[in-house]
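One structure is given below, encoded as structure tokens.
It should be emphasised that the depicted structure is a prediction, and the values quoted were computed from it without experimental measurement. Residue numbers start from 1 in every chain, and the chains themselves are labelled A, B, ... in the order their sequence lines are given, proteins ahead of strands.
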Number of protein chains: 2
Amino acid sequence: MEQQQISAYLLKSGIRPLQKRVKIMSYLVSKRNHPTVDMIYSDLIHEINGLSKTTIYNVLNLFVQSGVTLALNIEGNEVRYDADTSTHGHFKCKICSGVIDFRIRKEELPNPMLEGFRIDEHHYYLKGVCSFCVNKIEA
Amino acid sequence: MEQQQISAYLLKSGIRPLQKRVKIMSYLVSKRNHPTVDMIYSDLIHEINGLSKTTIYNVLNLFVQSGVTLALNIEGNEVRYDADTSTHGHFKCKICSGVIDFRIRKEELPNPMLEGFRIDEHHYYLKGVCSFCVNKIEA
DNA sequence: AATGTAAATTGAAATGATTACAAAAATAAG
DNA sequence: CTTATTTTTGTAATCATTTCAATTTACATT
């Protein structure tokens, strides 16, 4: 996606499309790698002069609050970020630590009987070993 | 559940039923409150003389590795523990921070097309506002 | 009951992720 | 161009968790 489109998208979501915000969203959208803050930092530090890790935290927190990014809590010691806010599930491989998306339709997710509750977010994730690492183990 | 039963259960799961382990498992099973380590500590420190927080971490890690306890990663900054290892979902209230269970059958959970993957764990959780807090907000 | 050995527990220090905060820089408005 | 507001930065603080060596406990064998 073009920086132009990213800017327009942020603006539409009530976020001023400042340089670093656009770059970070652009990173999330193009890589789709469910990165941690550290991954974003080490990838963007070369590209953005004088980028601070605090800024990444600030920007991501803003994104999450504004609803343009999901914070994924799959492992206790790391938060991963995903700019795809549509309904989908995640799989995390115990071996290579990679996180991949899988499509599910909202109607497929069970709707528990929670009388009077307001449900804002659905999270569905699986853990195991991805096909690539399964082969490595068997070999 | 009686301490006797807890001990037998731990033994069957390959865990030596030492005093503190039995007390911690007993706590998890009877309270069913999805506690954090801190919650367990502040509740049991009165009951168990000279209990250390490190011990709670040790015991819980053992429980999780042995498969008798689930580690729930719903919020990025806290891990909660659940001795109910059967298939079920969790709801976390944004207001009161409480976590409650809801029943779902394994067959209800969508089975994504992940050719060649080995899937070990399914996690399904919802976030929102519980009925009690919904009323508080409206009032 | 006493002894020895292995396992568990402890507390202090280390680690690692995240947040708080005040100063500096960038942005927008007049 | 000047000023006011917002954003970014870097350091220090915080908080959960792990590491590790020393102490204690559990348990099998005398």
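- Salt-bridge check for Arg32(A) with Asp101(A): failed, with every basic side-chain N at 4.0 Å or more from each acidic carboxylate O.
- Taking a 4.0 Å limit (strictly below) on heavy-atom distances, residues 43-52 of chain A reaches DNA chain D at Gly50(A), Leu51(A), Ser52(A).
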Scoring nucleotides 17-23 of chain C by protein non-hydrogen atoms under 4.0 Å (B base, S sugar-phosphate only, - none) yields SBBB---

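- Distance, Lys23(A) NZ to dT8(D) C1': 15 Å, rounded to whole Å.
- Taking atom NZ of Lys20(B) as the reference point, atom P of dT25(D) lies 8 Å away to the nearest angstrom.
- Distance CD1 (Ile56(B)) to P (dT18(D)): 13 Å, rounded to an integer number of Å.
- Every residue meeting the ring pair (Phe, Tyr, Trp, His ring centres under 6.0 Å) condition with His34(B), not counting sequence neighbours, appears here in chain and number order: His90(B).
- Every residue was checked against the side-chain hydrogen bond (donor to acceptor under 3.5 Å, both in side chains) condition with Lys136(B), not counting sequence neighbours, and none meets it.
- Under the rule for a ring pair (Phe, Tyr, Trp, His ring centres under 6.0 Å), the partners of Tyr125(A) that lie at least two apart in sequence or sit in another chain are His123(B).
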With a cut-off of 3.5 Å and sequence neighbours excluded, list every side-chain donor-acceptor pair involving residues 108-116 of chain B.
{"from": "Glu108(B)", "atom 1": "OE2", "to": "Arg105(B)", "atom 2": "N", "distance (Å)": "2.7"}

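- One interatomic measurement links the two molecules: CD1 of Ile24(A) to C1' of dT8(D), which rounds to 11 Å at whole-angstrom precision.
- With sequence neighbours excluded, the residues that form a side-chain contact (heavy atoms from CB on, under 4.5 Å) with Ser131(B) are Phe117(A).
- dT27(C) atom P lies 17 Å from atom CD1 of Ile15(A), rounded to whole Å.
- Among Ile15(A), Val22(A), Ile24(A), Thr54(A), the single residue meeting the side chain to side chain contact (heavy atoms under 4.5 Å, CB included) criterion with Val59(A) is Ile24(A).
- With sequence neighbours excluded, the residues that form a side-chain hydrogen bond (donor to acceptor under 3.5 Å, both in side chains) with Asp84(B) are Ser86(B), Arg103(B).
- Annotation: salt bridge (Lys or Arg N to Asp or Glu O under 4.0 Å) contacts of Arg21(B) (sequence neighbours excluded): none.
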For residues 62-76 of chain B, please give each side-chain donor-acceptor pair under 3.5 Å, one per line with the distance, not counting sequence neighbours.
{"from": "Ser66(B)", "atom 1": "OG", "to": "Leu62(B)", "atom 2": "O", "distance (Å)": "2.8"}
{"from": "Glu75(B)", "atom 1": "OE1", "to": "Lys92(B)", "atom 2": "NZ", "distance (Å)": "3.3"}
{"from": "Glu75(B)", "atom 1": "OE2", "to": "Lys127(B)", "atom 2": "NZ", "distance (Å)": "3.1"}

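- With sequence neighbours left out, the side-chain contact (heavy atoms from CB on, under 4.5 Å) criterion links Tyr27(B) to Lys31(B), Asn33(B), Pro35(B), Ile40(B), Asp43(B), Leu44(B).
- One atom, CG of Leu11(A), and another, P of dA28(C), lie 11 Å apart when rounded to the nearest Å.
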Check: protein-nucleotides 3-8 of chain C nitrogen or oxygen pairs below 3.5 Å:
{"from": "dA7(C)", "atom 1": "O3'", "to": "Arg16(B)", "atom 2": "NH1", "distance (Å)": "3.0"}
{"from": "dA8(C)", "atom 1": "OP1", "to": "Arg21(B)", "atom 2": "NH1", "distance (Å)": "3.4"}
{"from": "dA8(C)", "atom 1": "OP1", "to": "Arg21(B)", "atom 2": "NH2", "distance (Å)": "3.0"}

